[in-house]
Amino acid sequence: MLNKVVIVGGGTAGWMTASYFKAAFGDRIDITLVESGTVGAVGVGEATFSDIRHFFEFLGLKESDWMPACNATYKLAVRFENWREPGHYFYHPFEQMRSVNGFPLTDWWLQQRPSDRFDKDCFAMASIIDAGRSPRHLNGALLDTPYDESAEEMQGLTMSEHQGRTQFPYAYHFEAALLAKYLSAYAVERGVRHIVDDVRDVELDERGWISSVRTAEHGDITGDLYIDCTGFRGLLLNKALEEPFLSFQENLPNDSAIALQVPMDMERRGILPCTTATAQDAGWIWTIPLTGRVGTGYVYARDYISPDEAERTLREFVGPAAADAEANHIRMRIGRSRNSWVKNCVGIGLSSGFVEPLESTGIFFIHHAIEQLVNNFPGEDWNPAHRDLYNQSVAHVMEGVREFLTVHYATAKRADNQYWRDTKTRPLPEGLAERLEKWKTQLPNTETVYPYYHGLPPYSYMCVLLGMGGIELNPSPALALSDPRAAAREFEAIRQKTEKLVDVLPAAYDYFTRLG
Ligand SMILES: Cc1cc2nc3c(=O)[nH]c(=O)nc-3n(C[C@H](O)[C@H](O)[C@H](O)COP(=O)(O)OP(=O)(O)OC[C@H]3O[C@@H](n4cnc5c(N)ncnc54)[C@H](O)[C@@H]3O)c2cc1C
Ligand SMILES: N[C@H](Cc1c[nH]c2cc(Cl)ccc12)C(=O)O
């Protein structure tokens with residue numbers, strides 16, 4: 001039986017993989033995780049997709065178990081500030097797009113324009129976030145949505161099976177290092193062998209497959225399957241097996257980040273329950289509220305700004321609270337390994353691929369990769385079809401997200417300096433130019449977005465196009481011939497429902513005080 005797995009790396013990817021495999025296979029799998037005591041994890045990665053709830057569910061963990069341990073908060077959307085013009089913002093929320101008479105509500109919005117805010121008119125979430133509300137009532141009940149948390153048909157599905165069935169109303173923010181610690185305890189309790197040591201060498205057999213990893217103090221560690229979770233280094237996949245890395249930089253030039261962890265009195269500040277991405281002269285700054293601090297960072301392109309200037313900009317943006325915070329400068333490798341599974345090695349996490357964290361896709365990539373690897377787990381015969389299916393699925397997810405992020409820059413109205421002007425003339429991933437043309441005629445739908453599963457539904461594209469404001473969008477001509485009253489009623493219903501929810505939902509901070 002093929003059941004001996006060696007994971008190299010103890011960041012988010014390593015521990016998510018170890019704990020999920022234990023939950024999936026129990027004692028029938030033998031896992032050793034080796035992580036360096038000297039090379040740290042990247043230490044960022046605090047915002048997620050709502051799908052991550054299936055990960056915790058799979059592990060049998062409740063929010064009340066893991067959230068307080070990880071200083072976690074709720075994320076109801078990404079809020080984009082200043083991408084169109086100074087002072088403008090919009091949300092990309094976790095909320096299903098409604099449709100009226102077969103047309104998405106955003107299409108009706110283009111025709112009726114009840115206000116200048118598509119997000120407030122079409123979604124309840126925008127006003128709930130503006131008011132700093134929790135998506136759960138103090139008794140733990142979810143805000144008023146059609147989502148049934150306990151519905152049987154919602155259990156045990158993979159992320160791609162869930163897509164389109166429902167939209168869970170929130171994701172999480174958490175402290176990456178605390179999550180890794182929490183998951184390591186979970187995995188070790190269930191039998192994962194944990195070795196703290198440096199992998200110095202990777203031994204290959206005569207076929208070029210990995211036969212062992214050589215550590216500094218624990219000798220050679222052997223397994224059947226090796227998971228490379230060594231981050232941007234790609235020690236096994238890219239270095240030992242020489243799998244090439246395909247860069248996305250011609251589309252997405254941001255190659256660096258500087259991160260700060262800023263302690264704050266969150267009771268006084270309050271929690272805005274979303275990730276904020278504020279456009280800057282050479283990139284953008286993320287702001288992520290946790291229960292005891294704010295995580296923030298500037299994602300930028302070195303071609304346009306130096307690391308020192310980026311650090312100055314970030315510190316100014318945060319203000320005096322950042323004075324004592326230590327800067328973590330990070331060089332980002334943007335793109336993907338040509339294949340993430342090569343021979344008996346699978347790269348998961350940053351070794352497999354990464355795009356800038358504009359839509360918080362890093363942990364989603366990891367979760368997706370783990371689900372796919374469990375579904376395609378190799379047998380004794382190493383049937384290459386499993387490997388090929390896996391590689392195809394991982395490539396589609398990363399290529400789709402590459403395209404989605406490029407859409408943000410290509411369609412942002414901001415064009416006030418060279419960085420932002422260049423975003424309009426960069427090469428586009430193959431097929432995107434044609435899709436952008438289609439979206440000018442008809443808002444994105446399942447037929448016209450990137451055609452393979454990549455985690456983002458068509459409504460996510462609608463939000464970005466309507467919010468960024470750089471291309472002209474038109475309502476479907478059919479709407480001029482249609483009865484407008486049902487759509488008008490829907491806008492009014494959303495307005496009323498939102499008003500009520502803002503009134504009755506607790507402040508996000510108060511909810512977490514209760515949870516902790
Ligand atoms: C600036 C930035 C912001 C991000 N923000 C988000 C976000 O908001 N949301 C999101 O989903 N994702 C985000 N990500 C991505 C997220 O951080 C990663 O996907 C996640 O942390 C996984 O990292 P990893 O485990 O692959 O690598 P790492 O965290 O780098 O871990 C690598 C591990 O390998 C070990 N290692 C390395 N070399 C050796 C060796 N020789 N021997 C033994 N062990 C070794 C290290 O000790 C470490 O444990 C962000 C990434 C960056 C760069
Ligand atoms: N897989 C979906 C993807 C998704 C749907 N709406 C949003 C909003 C934001 Cl900010 C990120 C991702 C998604 C999910 O995670 O719900």
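Every residue meeting the ring-ring contact (aromatic ring centres under 6.0 Å, His included) condition with Phe354, not counting sequence neighbours, appears here in chain and number order: Phe232. With sequence neighbours left out, Glu490 forms a salt bridge (Lys or Arg N to Asp or Glu O under 4.0 Å) with Arg98. Residues satisfying the ring-ring contact (aromatic ring centres under 6.0 Å, His included) criterion with His88, sequence neighbours excluded, are absent altogether. Evaluation of the ring-ring contact (aromatic ring centres under 6.0 Å, His included) rule for Phe377 yields Phe21, Phe25 as partners, not counting sequence neighbours. Partners of Arg133 by salt bridge (Lys or Arg N to Asp or Glu O under 4.0 Å), not counting sequence neighbours: none found. Judged as a side-chain contact (heavy atoms from CB on, under 4.5 Å), and not counting sequence neighbours, the contacts of Ser256 are Tyr300, Arg302, Arg331.
Of all heavy-atom pairs spanning Ala124 and Lys497, the tightest one is CB-CE, 4.5 Å. When all heavy atoms are compared, the tightest approach of Ala23 to Leu59 is CB-CD1, 4.0 Å. Residues Lys75 and Thr48 come closest through the heavy atom pair NZ-O, 3.0 Å. Closest approach of Tyr298 to Trp284, counting heavy atoms only: CD2-O, 3.4 Å.
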Set out, in order, the CA-CA distance, both residues' side-chain angles and the distance that settles side-chain hydrogen bond (donor to acceptor under 3.5 Å, both in side chains) for Tyr91 and Asp130, then state yes or no.
CA-CA 10 Å; Tyr91 292 107; Asp130 275 349; 2.6 Å; yes
Taking it one step at a time, do Thr275 and Trp286 satisfy side-chain hydrogen bond (donor to acceptor under 3.5 Å, both in side chains)?
CA-CA 7 Å; Thr275 305; Trp286 78 79; over 6 Å; no
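The environment of Glu434 atom CD is sparse: at most 12 non-hydrogen atoms of other residues, nucleotides or ligands sit within 6.0 angstrom. Remark: Lys500 NZ is loosely packed, at most 12 non-hydrogen atoms of other residues, nucleotides or ligands lying under 6.0 Å away. Within a 6.0 Å sphere centred on CD of Glu267, heavy atoms belonging to other residues, nucleotides or ligands number 12 at most.
Of the N and O atoms on the side chains of Thr361 and His454, not one donor lies less than 3.5 Å from an acceptor on the other residue. With 3.5 Å as the limit, one finds no donor-acceptor pair spanning the side chains of Thr287 and Thr276. Donor-acceptor pairing under 3.5 Å is lacking for the side chains of Glu403 and Tyr461. Side-chain polar atoms of Glu359 and His92 form a donor-acceptor pair below 3.5 angstrom. For the residue pair Gln392 / Tyr452, no side-chain donor-acceptor distance below 3.5 Å is found, with atom types taken as modelled.
Taking CG from Leu290 and CE from Met266, the interatomic distance works out to 7.0 Å, rounded to the nearest 0.5 Å. Taking CD1 of Ile129 as the reference point, atom CG of Leu272 lies at 7.0 Å (rounded to 0.5 Å).
Cation-pi contact between Arg426 and Tyr409: absent, since separation from the ring centre below 6.0 Å together with deviation from the ring axis within 45° is not met.
Aromatic ring centroids of Phe55 and Trp66 lie 6.0 Å or more apart. Note: Tyr182 and Phe174 fail the aromatic proximity criterion, with ring centroids not under 6.0 Å apart. Between Tyr450 and Phe404, a ring centre-to-centre spacing not shorter than 6.0 Å is recorded.
Checked by atom type and distance alone, the side chain of Arg402 never pairs as donor or acceptor with a backbone atom of Gly335 at under 3.5 Å. The main-chain N or O of Tyr390 is never found under 3.5 Å from a side-chain atom of Ser393 such that the two would form a donor-acceptor pair. Between the side chain of Lys413 and the backbone N or O of Gly467, no donor-acceptor pair lies under 3.5 Å. Distance alone, capped at 3.5 Å, is enough to place a donor-acceptor pair between the Asp107 side chain and the Ser476 backbone. Of the possible donor and acceptor atoms, one in the side chain of Asn82 sits under 3.5 Å from a partner among the backbone N and O of Gly87.
No option in Phe80, Phe123, Trp83 other than Phe80 meets the ring-ring contact (aromatic ring centres under 6.0 Å, His included) test with Phe90.
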